[in-house]
Chemist: 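Here's a structure for you.
Keep in mind that what you see is a predicted model, and the values were worked out from it rather than measured. Note that these values count all heavy atoms, side chains included, but never hydrogens, waters or copies made by symmetry. Each residue takes its place number in the sequence, starting with 1.
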Amino acid sequence: MSVLGNTAINFDDEQAMLLEYATNFCDAIGVAEIRARLEEPQPYPADTWQQIVELGWPGIGIPEELGGSGIGISAAVPVIESMGKVLLGTPLMSSLLTAQLVLRADREAGESLVAAIAGGSIGTVAALESEDWATSAIAARVDANGQLSGAKRFVANGLAAQWIIAVVTDEHGNLALAVIDASGVPATNYRELSLIDLTQRAVDMSLDGLTATQVLRGPAVEVALRDYRLLGALFVAADATGAAASCLRIVVDYLTTRKQFDKLIGSYQALKHPSVEILNQVESSRSFIYHAATLVDAETLDRQAEVACRMAKAKATDTLAFAGDRAVQFHGGMGFTWDCDAQLYIRHAQWAQQQFGDAQHHRQALAPLLLDD
């Protein structure tokens, strides 16, 4: 396989329309509104999720016969990119990934759950048992009666979720997906986490004493989990690309208004060059995410789709880390204070780096995919 491989980018009218509408929707909320809610249990305005449901975004990637939009999961990329621009940390990403995991693992058995998510029920996946996305060891178990044991870490939107899919091993030692109705989970099973990014929410979760309402089994589960991780990497990359674009806007706004020695600081080449580098990296990241979006609508992701998703994640989160760092530095002392929005974005960069594997994790996985022929 060539290192270049498939380089196609298809950005159709439907995606363009979604990007424009999602951008307007998110801009109407704005970063100031998100900042005002950072300490609240829900880090976005109360009616935002209902508006998202009415727009049909939880149904992206879900067939029409199950209540979805009937459009491919690639259509989520422009929506998530727009949300990243204003740090709108809704459960949309979690719900979309939950639906894709169930659809790919066992569509027939999971129809009712997927339909509920398309209708606005919030879903999330409890996959991790440590901080390491590369680990394949799963200690959480489900027995023949559906009784669960073990624990999960960093469950995104765990307190908001109505359905939780726990990755477990069954009584035969095979991978399985345990469907948990969150309404029956005691509050004592959750431990809310304090994240560096206050626009996000996550919990550690004990599975002890819980009973699965349904268990999805079979050889498709392992493939579905791989696709879930790759799609998750792509979605975080899209979010990071949007956030990096906002960092650039913050930088340009400051450089074109702040004066030093009666001269706009944006006139100094020491600040111009890194700003142009942010622009170049943002545009490169957008190319990566929309290239990956071109390849992910298949029922099972192939090697080229895997390469594209991993490259997008590595590039986009590195871009956001650089842009966030420059945004803080360019604001001088103010950039290190909580009052500066650059602080929100550099914290978001730290969160994005660790979700679904950091850049080093994906580059290690890319090496054999690109070079071992």
Chemist: So which pairs with a foot in residues 60-86 pass salt bridge (Lys or Arg N to Asp or Glu O under 4.0 Å), sequence neighbours left out?
Modeler: E65-R107, E81-R286

Chemist: Quick one: list whatever passes salt bridge (Lys or Arg N to Asp or Glu O under 4.0 Å) with E129, sequence neighbours left out.
Modeler: K152

Chemist: Is there a donor-acceptor contact under 3.5 Å linking the side chains of S74 and D297?
Modeler: yes

Chemist: Going by heavy atoms in the side chains, are V167 and L177 under 4.5 Å from each other?
Modeler: yes

Chemist: Does D106 have any salt bridge (Lys or Arg N to Asp or Glu O under 4.0 Å) partners at least two apart in sequence or in another chain, and if so, which?
Modeler: none

Chemist: Tell me the closest heavy-atom pair linking E14 and I71, and the distance in Å.
Modeler: OE2-CG2, 3.2 Å

Chemist: With rounding to the nearest 0.5 Å, note down the distance linking OH in Y345 to OG1 in T199.
Modeler: 9.5 Å

Chemist: After noting the C-alpha distance and the side-chain angles of W338 and L344, does the key distance pass the side chain to side chain contact (heavy atoms under 4.5 Å, CB included) rule?
Modeler: CA-CA 8 Å; W338 188 236; L344 300 181; 3.6 Å; yes

Chemist: Look at the side chain of T213 and the backbone N and O of V179, then say whether any donor-acceptor pair between them is shorter than 3.5 Å.
Modeler: yes

Chemist: Strictly distance-based, threshold 3.5 Å: is any side-chain N or O of N189 a donor or acceptor partner for the main-chain N or O of D208?
Modeler: yes

Chemist: Evaluate the side-chain hydrogen bond (donor to acceptor under 3.5 Å, both in side chains) criterion for residues D143 and Q147: first the C-alpha distance (whole Å), next the side-chain angles of each, then the deciding distance (0.1 Å), finally the verdict.
Modeler: CA-CA 5 Å; D143 65 20; Q147 297 296 310; 5.7 Å; no

Chemist: Within a 6.0 Å radius of atom CD on E54, are there more than 12 heavy atoms belonging to other residues, nucleotides or ligands?
Modeler: yes

Chemist: How long is the straight-line distance from CG of L113 back to CD of Q162, given to the nearest 0.5 Å?
Modeler: 11.0 Å

Chemist: When you measure from the side chain of T256 to the backbone of V252, do you find a donor-acceptor pair of N or O atoms at a distance under 3.5 Å?
Modeler: yes

Chemist: Could you check whether S130 and D132, counting side-chain N and O atoms only, form a donor-acceptor pair closer than 3.5 Å?
Modeler: no

Chemist: Answer yes or no: is there a side-chain heavy-atom contact under 4.5 Å between Q353 and D318?
Modeler: yes

Chemist: Begin with the C-alpha distance, continue with both residues' side-chain angles, and end with the deciding distance and a verdict on side chain to side chain contact (heavy atoms under 4.5 Å, CB included) for M334 and D339.
Modeler: CA-CA 8 Å; M334 186 181 72; D339 291 334; 5.8 Å; no

Chemist: Could you tell me whether E20 atom CD has more than 12 heavy atoms of other residues or ligands within 6.0 Å of it?
Modeler: no

Chemist: Would you say the side chain of D239 lies within less than 4.5 Å of the side chain of H348, judging by non-hydrogen atoms?
Modeler: yes

Chemist: Can a donor-acceptor pair be found between the side chains of T23 and S82 at a distance below 3.5 Å?
Modeler: yes

Chemist: Nearest 0.5 angstrom please: W163 CH2 to I122 CD1, how far?
Modeler: 13.5 Å

Chemist: Can you sort out the partners of W133 under ring pair (Phe, Tyr, Trp, His ring centres under 6.0 Å), two or more places apart, ordered by chain and number?
Modeler: F356

Chemist: Is it the case that atom OH in Y21 sees more than 12 heavy atoms from other parts of the structure closer than 6.0 Å?
Modeler: no

Chemist: Return a table of donor-acceptor pairs under 3.5 angstrom between the side chains of residues 94-101 and protein atoms on other chains or two or more places apart.
Modeler:
from	atom 1	to	atom 2	distance (Å)
S94	OG	N157	ND2	2.9
S95	OG	P91	O	3.4
S95	OG	G123	N	3.0
T98	OG1	S94	O	2.7
T98	OG1	G123	O	3.4
T98	OG1	T124	N	3.1
Q100	OE1	R104	NE	3.0
Q100	OE1	R104	NH2	3.0
Q100	NE2	G61	O	3.1

Chemist: Are the side chains of R310 and L370 in contact, using a 4.5 Å heavy-atom criterion?
Modeler: no

Chemist: T169 versus N174: any side-chain heavy-atom pair under 4.5 Å?
Modeler: no

Chemist: Return yes if some donor-acceptor pair links the side-chain N/O of R201 with the main-chain N/O of P41 below 3.5 Å, else return no.
Modeler: yes

Chemist: Under the ring pair (Phe, Tyr, Trp, His ring centres under 6.0 Å) rule, collect the residues that match up with H361, sequence neighbours excluded.
Modeler: none

Chemist: State which residues pass side-chain contact (heavy atoms from CB on, under 4.5 Å) with T319; sequence neighbours excluded, sorted by chain then number.
Modeler: A244, Q281, V282, S285, K315

Chemist: Can you tell me how far apart OG1 (T337) and CD (Q343) are? Round to the nearest 0.5 Å.
Modeler: 7.0 Å

Chemist: R37: what forms a side-chain contact (heavy atoms from CB on, under 4.5 Å) with it, not counting sequence neighbours?
Modeler: E33, E40, P45

Chemist: With side chains defined as the heavy atoms from C-beta onward, is the minimum distance between C309 and V296 less than 4.5 Å?
Modeler: yes

Chemist: So, for P368 and Q364, which heavy atoms are closest and what is the spacing to 0.1 Å?
Modeler: CD-O, 3.2 Å

Chemist: Shortest non-hydrogen contact from P78 to A22?
Modeler: O-CB, 4.4 Å

Chemist: Please check: side-chain N/O of H291 versus main-chain N/O of I9, any donor-acceptor pairing under 3.5 Å?
Modeler: no

Chemist: Given side chain to side chain contact (heavy atoms under 4.5 Å, CB included), test C247 with I278 step by step and report yes or no.
Modeler: CA-CA 9 Å; C247 281; I278 296 173; 5.5 Å; no

Chemist: In Å, rounded to the nearest 0.5 Å, how long is the span from CG of L87 to CG of L198?
Modeler: 11.0 Å

Chemist: What are the two closest non-hydrogen atoms of A352 and L320, and how far apart are they?
Modeler: CB-CD2, 4.3 Å

Chemist: Indicate the atoms forming the closest heavy-atom contact of L231 with I73, along with that distance.
Modeler: CD2-CG2, 4.2 Å

Chemist: Is there a side-chain contact between F235 and L92 (heavy atoms, below 4.5 Å)?
Modeler: no

Chemist: With ring pair (Phe, Tyr, Trp, His ring centres under 6.0 Å) as the rule and sequence neighbours excluded, what pairs involving residues 57-97 come up?
Modeler: F25-W57

Chemist: Who are the ring pair (Phe, Tyr, Trp, His ring centres under 6.0 Å) partners of H362, not counting sequence neighbours?
Modeler: none

Chemist: With sequence neighbours excluded, what pairs up with Y44 under the ring pair (Phe, Tyr, Trp, His ring centres under 6.0 Å) test?
Modeler: none

Chemist: Can a salt bridge be assigned to the pair R226 and E306 using a cut-off of 4.0 Å between side-chain N and carboxylate O?
Modeler: yes

Chemist: Checking Q200 side chain against L195 main chain: does a donor-acceptor pair fall under 3.5 Å?
Modeler: no

Chemist: Between R249 and D341, does any NZ, NE, NH1 or NH2 come within less than 4.0 Å of an OD or OE carboxylate oxygen?
Modeler: no

Chemist: Strictly by salt bridge (Lys or Arg N to Asp or Glu O under 4.0 Å), give each pair with a member in residues 344-359 just once, sequence neighbours left out.
Modeler: none

Chemist: What I'd like to find out is whether the side chain of F154 reaches to under 4.5 Å of the side chain of E131, using heavy atoms alone.
Modeler: yes

Chemist: What is the distance from atom CD1 of I80 to atom CG of L18, rounded to the nearest 0.5 Å?
Modeler: 11.0 Å

Chemist: For N24, I'd like to know if atom CG has over 12 heavy atoms of other residues, nucleotides or ligands within 6.0 Å.
Modeler: yes

Chemist: When you measure from the side chain of S149 to the backbone N and O of V142, does any donor-acceptor pair fall under 3.5 Å?
Modeler: no

Chemist: Which heavy atom of V114 sits nearest a heavy atom of I62, and at what distance?
Modeler: CG1-CG2, 3.6 Å

